[in-house]
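What follows is a single structure, written as structure tokens, with notes after it.
In what follows, every chain begins at residue 1, and chains take the letters A, B, ... in the order their sequences are listed.
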There are 2 protein chains.
Amino acid sequence: MTNIKEIAARAGVSPSTVSRVLNGNGYVSEDKKRRVLAASEELDYAPNLNAVSLKRGATRRIGLVAPMFDESVQRFTGGFVRAAQAGGYSVTLFITGMDRVREREALEALRHKQVDALALVIFANDLSLIESYAKYGPIVAWQRVVAEHIPSVFMNQYDGYMLGLEHLYSRGYRRICNVYGSTSRLNTVSRMDAYRDFCAAHGLDEHELEHFYEISTIEDGERIARLWTESPRRPDAFIAANDYSAAGLVAEARRLGLSVPGDFAVCGFDNLEFARLLDLTTIHYPVDLQAGNAFAIIRGRIEDIELPLRPLQFHLVQRATT
Amino acid sequence: MTNIKEIAARAGVSPSTVSRVLNGNGYVSEDKKRRVLAASEELDYAPNLNAVSLKRGATRRIGLVAPMFDESVQRFTGGFVRAAQAGGYSVTLFITGMDRVREREALEALRHKQVDALALVIFANDLSLIESYAKYGPIVAWQRVVAEHIPSVFMNQYDGYMLGLEHLYSRGYRRICNVYGSTSRLNTVSRMDAYRDFCAAHGLDEHELEHFYEISTIEDGERIARLWTESPRRPDAFIAANDYSAAGLVAEARRLGLSVPGDFAVCGFDNLEFARLLDLTTIHYPVDLQAGNAFAIIRGRIEDIELPLRPLQFHLVQRATT
DNA sequence: TTAATCTATGGCATCGATTTCAGGTCAAGC
DNA sequence: GCTTGACCTGAAATCGATGCCATAGATTAA
């Protein structure tokens, strides 16, 4: 492959001069500039980025770490990659399957200078382990975390969840059942807080119904729909932690011949693509902008500048299930 | 950051010996081996992969180029990344949005040795341009292409489509309307071939109905459902190029109060996640294994070995829409 | 006893770029 | 006439690792 030295030889200058021309810094006479450019054109030159990265001590590459690749992650990834590309960075993907060892390999990639920074979608290892890698480069999280060196781009789920709850209330539902996700996540805690405050504000008994925890898949949702039919104290509405479980609920209910929202209403969360297909009421938020913010934070730290973050808002998408 | 030289100093050996120990080649006495290992432990050493890549002339990194992220691409990406990680490679993502310039940047990344190889999901540039980059490293395509230096991992869509057609026939449908995707793709051509042969085999008139072309989105599908109601020559079944359009068809039909499959049957293609939610009959094929094959081809070329490819099969998933 | 082979180690060139340093020319300013 | 500073250039060090080559002692074979 052709390198800077060959260009130098062909143009009759030193490698330093070639570098100066190609990077546009320092003084170079017009004449030599032209000759270098011509030579690099003729030789079909492309700088070896490994050498550049080595010398500069930076790769302009960011690692994106996700447990798997579902639609939410995909959206985040899409937004992140687009923002990064626009900023002249590329993105290397690490899929961990929530496996700690795999995840650790991604962290090691940062230590090995394979990437300049990491964006963690959701992580499996202890926060303290993650934090111990922060000295090798910026790390931001999507999931909400409380850690000094790990900023996160979470949105206040309290607000979004409250939006859903108030919507259900306004449509006349009073026996609202919560279908929570993983209780170890702060997001879930925020949602539980929202529900408590919601009940207090409207004089509802928050313990009247049994709620569900650790729910995340379509299958989980389907199971809940089946349980409903034999439940002694039936809720008249469900609010779910994500659209997967909500969709499972709606789809299974329809299969069972139940009417949604006649028998019970369902409100999802995330506004995934299939929500529209099922006419599922759900809560939307701009994942791609959030990913853009994640990138902005990272870039800000790498280049030591202050970049503005886009303010993000939840937004209720009302469809036929409420 | 600590490097090989510092370890050498601390262990009282030369950098060459350190390299030998860490890479496990050449002769090193047990004593020095121990000292090097201890020193590298104490200094929390991590090799700088940029230097390694520069020296070795290979990065063990593969670029994955996709126009955007729908669920199919997402599946392919997931399968590819997992296979690559298992093989000790990492994957850098390029999202092109079908923009030729962006796509070209991905090709350039290969030329600049940022990646060792490229996997193209779907590409926008001329095949000849893509081919001109093959000299910089292996390039495989997902989309079916005919090019000497660009192998692809396409499956014969003819078989899959025929599976759907025969299924519809066996369920008694005779007025089958094709909802084709982009006619510039060879996949679509194969499907058109299948339909012709299918008609010939069953003595059907392939020109009796009007078919649809360039259909790909949910909205397209919804539009087709609405057209059906006012169509003079109504088909009794639709077979779609992908689940998006099929889902749009089904969802809109249900909204219009039509019965599926009472008024018309629908068979999709791809078996995306939401197909189950809509109880959509569709054609499944193992995208993740296909992605694994793509990686196997790439790896085989990089390491100059012969890797076995998994045989792939279509598979009809019958649900409630046929 | 001598030649051949194995084991062990360090020196140094190398991968391909960037950047500092030092040296040089030339014109403007005092 | 001398200083100052802008302009221009190449040599060489550097980033961090790898691996060839030379050397040399210890064995083994002839």
Side-chain angles (χ1 to χ4, degrees), chain A residues 1-37 39-40 43-61 88 108-116 136-137, chain B residues 1-37 39-40 43-61 88 108-116 136-137:
Chain A
M1 290 295 128
T2 135
N3 57 26
I4 212 176
K5 229 161 144 187
E6 292 176 35
I7 296 182
R10 185 169 187 117
V13 299
S14 74
S16 334
T17 301
V18 176
S19 173
R20 255 169 244 143
V21 173
L22 266 26
N23 292 291
N25 42 24
Y27 296 109
V28 182
S29 66
E30 275 309 314
D31 173 47
K32 301 210 168 176
K33 202 175 279 180
R34 234 176 299 115
R35 268 155 53 205
V36 166
L37 257 19
S40 97
L43 293 174
D44 190 32
Y45 172 72
N48 182 321
L49 291 184
N50 295 310
V52 175
S53 295
L54 170 60
K55 186 73 231 238
R56 289 212 210 280
T59 58
R60 292 189 81 80
R61 203 181 303 123
E108 284 292 306
L110 180 62
R111 198 160 87 90
H112 291 246
K113 297 184 168 302
Q114 200 183 5
V115 296
D116 294 341
Y136 302 115
Chain B
M1 288 296 129
T2 133
N3 58 25
I4 212 176
K5 227 162 144 187
E6 293 176 34
I7 296 182
R10 186 174 189 114
V13 299
S14 74
S16 329
T17 301
V18 176
S19 173
R20 252 169 250 144
V21 173
L22 266 27
N23 292 290
N25 43 22
Y27 297 108
V28 182
S29 66
E30 275 309 312
D31 172 47
K32 302 210 167 173
K33 203 176 279 180
R34 234 176 300 112
R35 268 155 51 205
V36 166
L37 257 20
S40 98
L43 294 174
D44 191 32
Y45 172 72
N48 181 321
L49 291 184
N50 295 309
V52 175
S53 294
L54 170 61
K55 188 75 234 249
R56 289 210 209 280
T59 58
R60 293 190 80 82
R61 203 179 302 123
E108 284 293 307
L110 180 61
R111 198 160 86 91
H112 289 81
K113 296 183 169 302
Q114 199 184 6
V115 295
D116 294 340
Y136 301 116

Table please: side-chain donor-acceptor pairs of residues 3-12 of chain A below 3.5 Å, with sequence neighbours left out.
from	atom 1	to	atom 2	distance (Å)
A:N3	OD1	A:K5	N	3.1
A:N3	OD1	A:E6	N	3.1
A:R10	NE	A:E42	OE1	2.6
A:R10	NH2	A:E42	OE1	2.7

> side chain to side chain donor-acceptor pair (under 3.5 Å) with B:S40: which residues, sequence neighbours excluded?
Replying inline: none
> At what distance, to the nearest 0.5 angstrom, does CD of B:Q114 lie from OG of A:S53?
Replying inline: 7.5 Å
Might you list the N or O atoms of the protein lying below 3.5 Å from N or O atoms in nucleotides 4-7 of chain D, with each pair's distance?
from	atom 1	to	atom 2	distance (Å)
D:dC7	OP2	A:Y27	OH	2.6

> When rounded to the nearest 0.5 angstrom, what is the spacing between NZ in B:K55 and CG in B:N48?
Replying inline: 14.5 Å
>> When you compare the side chain of A:D44 with that of B:R111, does any pair of heavy atoms fall below 4.5 Å?
In response: yes
>> Suppose we screen for salt bridge (charged side-chain N to carboxylate O under 4.0 Å, His left out). Which residues come up paired with A:R35, at least two apart in sequence or across chains?
In response: A:D31
>> Taking the axis from the first five pairs and the axis from the last five, what angle separates them in the helix from C:dT1-D:dA30 to C:dC30-D:dG1, rounded to 10 degrees?
In response: 50°
> Can you name the side chain to side chain donor-acceptor pair (under 3.5 Å) partners of B:T59, sequence neighbours left out?
Replying inline: B:D116
> Who passes salt bridge (charged side-chain N to carboxylate O under 4.0 Å, His left out) against A:R61, sequence neighbours left out?
Replying inline: none
> Partners of B:K32 by salt bridge (charged side-chain N to carboxylate O under 4.0 Å, His left out), sequence neighbours excluded?
Replying inline: none
> In the 5'-to-3' direction, what one-character label does each nucleotide of nucleotides 13-26 of chain D receive under the scheme B = base within less than 4.0 Å of a protein heavy atom, S = sugar-phosphate only, - = no such atom?
Replying inline: -BBBBBBB------
> Does anything in residues 11-27 of chain A pair up under salt bridge (Lys or Arg N to Asp or Glu O under 4.0 Å), and if so which pairs, sequence neighbours excluded?
Replying inline: none
> Which nucleotide of DNA chain C is the first, and which the last, in the 5' to 3' direction, to come under 4.0 Å of a heavy atom belonging to chain B?
Replying inline: C:dT7 to C:dG16
>> Taking side chain to side chain donor-acceptor pair (under 3.5 Å) as the definition, give me every residue that meets it alongside B:H112, ordered by chain and number, with sequence neighbours left out.
In response: none
